[in-house]
*Asks:* 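This structure is in structure tokens; I'll ask about it shortly.
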Amino acid sequence: MLSRQHKLLVMKIVSLFSVVRGYNIPIIILAQYLSAIFILAPEKRALDILLDFYLFLIVFASAVTIASGYIINNFYDSQKDLINRPNKSMLDRLVSQKTKLTVYFSLNFLAVLMASIVSWRAFLFFSAYIFLIWFYSHKIKKYPIVGNLTAAFMAVIPFFAILLYFYNSISFEEIENHRSHFAVISAHAMFLFLLLLIREMIKDLENLKGDLANNYRTIPIIYNEKVSKQTITILTFLTVFPVYVLVDVYDVGYMDIYFYACFIILLFFLLYLWRSNSKGQFLLLHNLLKFLIVSGVFCIVLINPSVLWHGRELLSQY
């Protein structure tokens, strides 16, 4: 049996895990490695990418920075979360604000330290990323449109870190030879960005009461829910363009199955959106978008599934 002190310690660890959203970090790490293997550097051996120490440092720094971002976001949103997420908020409050800030600064220091080992460019990149996350949590997120755009952009930034790592050594003369590759990467990034932006706007509808009580100036508060739903509908239809580029212009292997399935799901998403008017209904839509984003991570493998079989054969030789 655990003593009362040990039980409290376990609860605080669980609380901190909840604050940093530890369940999201492995997905982010997996997404970065799969993107590197199947999208950013398909010409390289998968095993070489997995054993790349400097890439590991970039991925590690990204994960740590995102975890610290969740902490500072939780720090500034503590009052709002009492209204929007009372149960999670009570769990998060088991860890003091002072402890959260200590962990926040420690994780940021660790992130820039790892980045500085890679290069001075990586150091500057992650220093700017950390500042942007803080500035977003402190100021930007309270403003309509700009807050949503910034939140979606910050979620995509870790993939730019890997992109810059792989293409840092390419000269301007060689960029012309990689134009089609950049187009595929940009289309993937745009599709993900749109899904994340739609999710941020759904969160505004979901968190309406808490945002209103804490003077957040979101689209449904300044205008109304109808305008917010109209904007979400337009953004949903805009996903057609990056998907067209990926499916019809360039070859994404069997991942086109994922994009076709997304279209069907997003149509039902829009139908349900216009019938939704409660927090529970918006939460369901939010979770549906999270499912599309997470499943998209695993479906990256469909671009070239043979990599898995070749990798298994290669590992069996050692």
Side-chain angles (χ1 to χ4, degrees), residues 21 23-35 38-39 84-85 145 148-149 151-156 158-159 183-208 218-220 225-305 308:
R21 302 186 191 181
Y23 44 84
N24 282 345
I25 303 302
I27 298 295
I28 294 167
I29 293 172
L30 180 65
Q32 288 180 294
Y33 270 115
L34 289 180
S35 297
F38 293 94
I39 301 174
N84 292 329
R85 300 178 181 84
I145 303 174
N148 300 119
L149 288 169
F153 175 66
M154 288 193 305
V156 179
F159 299 98
V184 173
I185 294 168
S186 299
H188 275 284
M190 181 55 65
F191 179 74
L192 176 60
F193 175 80
L194 287 170
L195 284 186
L196 290 166
L197 184 55
I198 294 166
R199 192 190 70 162
E200 289 300 321
M201 298 195 70
I202 289 291
K203 283 168 64 177
D204 286 343
L205 290 168
E206 180 188 343
N207 300 331
L208 192 58
T218 60
I219 292 176
E225 287 191 19
K226 184 178 180 181
V227 172
S228 188
K229 289 180 179 179
Q230 288 172 340
T231 307
I232 290 170
T233 301
I234 293 170
L235 291 172
T236 303
F237 282 114
L238 284 178
T239 60
V240 170
F241 295 103
V243 168
Y244 170 76
V245 171
L246 292 169
V247 173
D248 286 352
V249 179
Y250 297 101
D251 182 20
V252 288
Y254 294 107
M255 197 178 178
D256 56 0
I257 298 171
Y258 165 76
F259 290 120
Y260 291 136
C262 276
F263 270 138
I264 297 172
I265 294 172
L266 287 173
L267 286 175
F268 284 103
F269 165 86
L270 288 178
L271 291 173
Y272 192 75
L273 171 67
W274 284 96
R275 297 180 180 180
S276 301
N277 51 27
S278 68
K279 179 180 173 66
Q281 290 172 315
F282 293 129
L283 178 61
L284 180 62
L285 291 171
H286 179 192
N287 289 331
L288 178 61
L289 289 171
K290 285 176 69 175
F291 169 76
L292 288 180
I293 294 168
V294 173
S295 60
V297 170
F298 290 98
C299 286
I300 291 174
V301 176
L302 296 176
I303 294 176
N304 186 10
L308 297 179

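Hydrogens, waters and symmetry mates play no part in the numbers below; they use all other heavy atoms, side chains included. Residue numbers start at 1 and run along the sequence shown.
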*Asks:* Can you list, pair by pair, the side-chain donor-acceptor contacts under 3.5 Å of residues 25-33, counting residues two or more places apart and other chains?
*Replies:*
from, atom 1, to, atom 2, distance (Å)
Gln32, NE2, Ser62, OG, 3.1
Gln32, NE2, Pro158, O, 3.4

*Asks:* Output the distance between atom CZ (Phe159) and atom NE2 (His188), rounded to the nearest 0.5 Å.
*Replies:* 11.5 Å
*Asks:* Please report, to 0.1 Å, the donor-acceptor pairs under 3.5 Å made by any side chain of residues 191-205, with sequence neighbours excluded.
*Replies:*
from, atom 1, to, atom 2, distance (Å)
Asp204, OD2, Asn148, ND2, 2.8

*Asks:* For Tyr258, check ring pair (Phe, Tyr, Trp, His ring centres under 6.0 Å) against everything at least two apart and list the hits.
*Replies:* none
*Asks:* Compile the donor-acceptor pairs under 3.5 Å between side chains in residues 260-277 and protein atoms, sequence neighbours left out, one pair per line.
*Replies:*
from, atom 1, to, atom 2, distance (Å)
Trp274, NE1, Thr233, OG1, 3.0
Ser276, OG, Tyr272, O, 2.6

*Asks:* I need the minimum non-hydrogen distance between Pro220 and Ser228, along with the two atoms involved.
*Replies:* CD-OG, 4.0 Å
*Asks:* Side-chain donor-acceptor pairs under 3.5 Å in residues 282-302, sequence neighbours left out?
*Replies:*
from, atom 1, to, atom 2, distance (Å)
His286, ND1, Glu206, OE1, 3.0
Asn287, ND2, Leu283, O, 3.3
Ser295, OG, Phe291, O, 2.7
Ser295, OG, Leu292, O, 3.0

*Asks:* Is there side-chain contact between Glu225 and Leu208, with at least one heavy-atom pair below 4.5 Å?
*Replies:* yes
*Asks:* Output all residues satisfying side-chain hydrogen bond (donor to acceptor under 3.5 Å, both in side chains) with Gln281, sequence neighbours left out; order by chain, then residue number.
*Replies:* Ser278
